[in-house]
2 protein chains.
Amino acid sequence: MSFDLDRIDRNILNILQKDSRISNQDLAERIGLSPPACLRRVRRLRESGVIVAEVALINPRMVGRYINIIVEVEMVRDQLDIYDAFKRKMDAAPEVTQCYQVTGEVDFLLMLLVEDMESYEAFTRKYLSTDANLAKFRTLISLRRDKFSTAVPL
Amino acid sequence: MSFDLDRIDRNILNILQKDSRISNQDLAERIGLSPPACLRRVRRLRESGVIVAEVALINPRMVGRYINIIVEVEMVRDQLDIYDAFKRKMDAAPEVTQCYQVTGEVDFLLMLLVEDMESYEAFTRKYLSTDANLAKFRTLISLRRDKFSTAVPL
DNA sequence: CTTATTAACGAAATTCAATTTCATTTTGGT
DNA sequence: ACCAAAATGAAATTGAATTTCGTTAATAAG
């Protein structure tokens, strides 16, 4: 499950977490290895599952008027199958960008990205208000995503 | 600020948001354009700021025992300069991976990634408990990140 | 302490893809 | 219908990724 990283691996990951489009040659130079050695490291990180994916991040504001919505969800009962069913639903919902199972008064925290309040209204109807296992939910609305970093601090 | 996307651009973005390591040739084939034409599109999306970055996503569980922490923060007063100062602090804090200014009872929602509760304890001391403009905060702890997608649904 | 074994390395060669060039086609506006 | 601007694709070029293989370093065993 876990994976031993040495200083060089950490170095590579810190760079790739900021910019995965860097050429292997440049990366090799920055970490002080030859291109082949560097490539082998990166491949190993990919194959071992440390690097899950390499993706393009786009600015939501450039492609529409998106709203971030945070939803705190409380289920009626703390049962595994109820939790699992809910997770599966959230996984299938395209509006849901993040889903966390949390401890405490609340059971789940959802992060949504929607075009407008109408879309959110539709979402609640389809996924929340009609779920018999859901006790209550609270909505927080954000027009500003002030920070968004995908990097894991190493 | 905004940017007109046609069907082809959207198509490109949907692919790159899932896998930015795809070769330009394969991408070109999938969207039905020649490699040069495809490359120009992608370059334009990058230069215009639609594509903010291309990054490697790593699995936190593979490199340590990370905990997700969600913090809801309420400031003492709804003043612009107080908000801005807080944002700047969060931007500088490496533990904070996301920061949203929200409307309603709460003022900010933070997403943190920390090694253990001790690290979180240290964070609250350094950034929260000592902030005179901060009225109160509530902590939600998550050991499970059930869904995490960086893709903007287009 | 020496010697096998394994893993990681780098130089050079090869393969493959990105990128440029340029003539042609398409698109949008008048 | 015509012009101007933008987008396209074929072919050539450039440049980087990847393979090969002999060498070096690290680790374990005798």
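Every chain is numbered from 1, with letters handed out A, B, ... down the list of sequences.
- Ring orientation note: the planes of B:Phe148 and A:Phe148 are close to parallel, at an angle under 30° on the 30°/60° scale.
- Counting only heavy atoms from C-beta on, B:Pro36 has its side chain closest to D:dA10 among C:dC9, D:dT8, D:dA10.
- Where A:Ser23 and B:Arg40 meet DNA chain D, the nucleotide closest to each residue was compared, and B:Arg40 sits on the side nearer the 5' end.
- For A:Pro35 and B:Gln25, each mapped to the nucleotide of DNA chain C holding its nearest heavy atom, the one lying further toward the 5' end belongs to A:Pro35.
- Direction of the helix axis in the helix from C:dC1-D:dG30 to C:dT30-D:dA1 shifts by 50° between the two five-pair termini, rounded to 10°.
- Side chains of B:Asp146 and A:Tyr100: a donor-acceptor N/O pair is absent below 3.5 angstrom, by distance only.
- OP1 and OP2 of D:dA6 both lie 4.0 Å or more from every side-chain N or O belonging to B:Arg41.
- Here the P atom of nucleotide D:dA10 and the CD atom of B:Glu29 are 13 Å apart, to the nearest Å.
- In this entry the distance linking CG of B:Asp26 with C1' of D:dA17 reads 15 Å, nearest Å.
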Would you mind building the protein contact string for nucleotides 23-29 of chain C? One character per nucleotide, 5' to 3', B for base within reach (heavy atoms under 4.0 Å), S for sugar-phosphate only, - for untouched. -------
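- Nucleotide C:dA17 holds its P atom 16 Å from the CG atom of A:Asn24, rounded to whole Å.
- Look at CG on A:Leu39: it is 13 Å from P on C:dG10, rounded to the nearest Å.
- In this structure, B:Phe86 and B:Phe108 have tilted ring planes: the angle between them lies in the 30° to 60° band.
- For B:Asp4 and D:dA6, the CG to C1' distance is 15 Å, given to the nearest whole Å.
- Mapping A:Arg21 and A:Leu33 onto DNA chain C by nearest heavy atom places A:Leu33 closer to the 5' end of the strand.
- Annotation: A:Arg65, atom CZ; neighbour count of heavy atoms from other residues, nucleotides and ligands within 6.0 Å does not exceed 12.
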Stepwise salt bridge (charged side-chain N to carboxylate O under 4.0 Å, His left out) test for A:Asp6 and A:Arg41: CA-CA 11 Å; A:Asp6 63 13; A:Arg41 294 268 190 163; 2.8 Å; yes
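- As rounded to whole Å, 13 Å separates atom P of C:dG10 from atom CG of A:Leu27.
- Considering only side-chain N and O atoms, A:Arg43 lies under 4.0 angstrom from the phosphate OP1 or OP2 of D:dT19.
- Salt-bridge check for A:Arg46 with A:Glu54: passed, with a basic side-chain N closer than 4.0 Å to an acidic carboxylate O.
- Distance check: B:Asp4 CG to B:Asp9 CG gives 9.5 Å after rounding to the nearest 0.5 Å.
- Note: CG (A:Leu5) to P (C:dA8) measures 13 Å, nearest angstrom.
- Interatomic distance, A:Ile70 CD1 to A:Phe137 CZ, rounded to the nearest 0.5 Å: 14.5 Å.
- We find that CD of A:Glu54 is positioned 12 Å from P of D:dA17, with the value rounded to whole Å.
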As a quick check of understanding, evaluate salt bridge (charged side-chain N to carboxylate O under 4.0 Å, His left out) for B:Glu95 and B:Lys126, giving each step before the final call. CA-CA 12 Å; B:Glu95 300 94 337; B:Lys126 181 167 182 191; over 6 Å; no
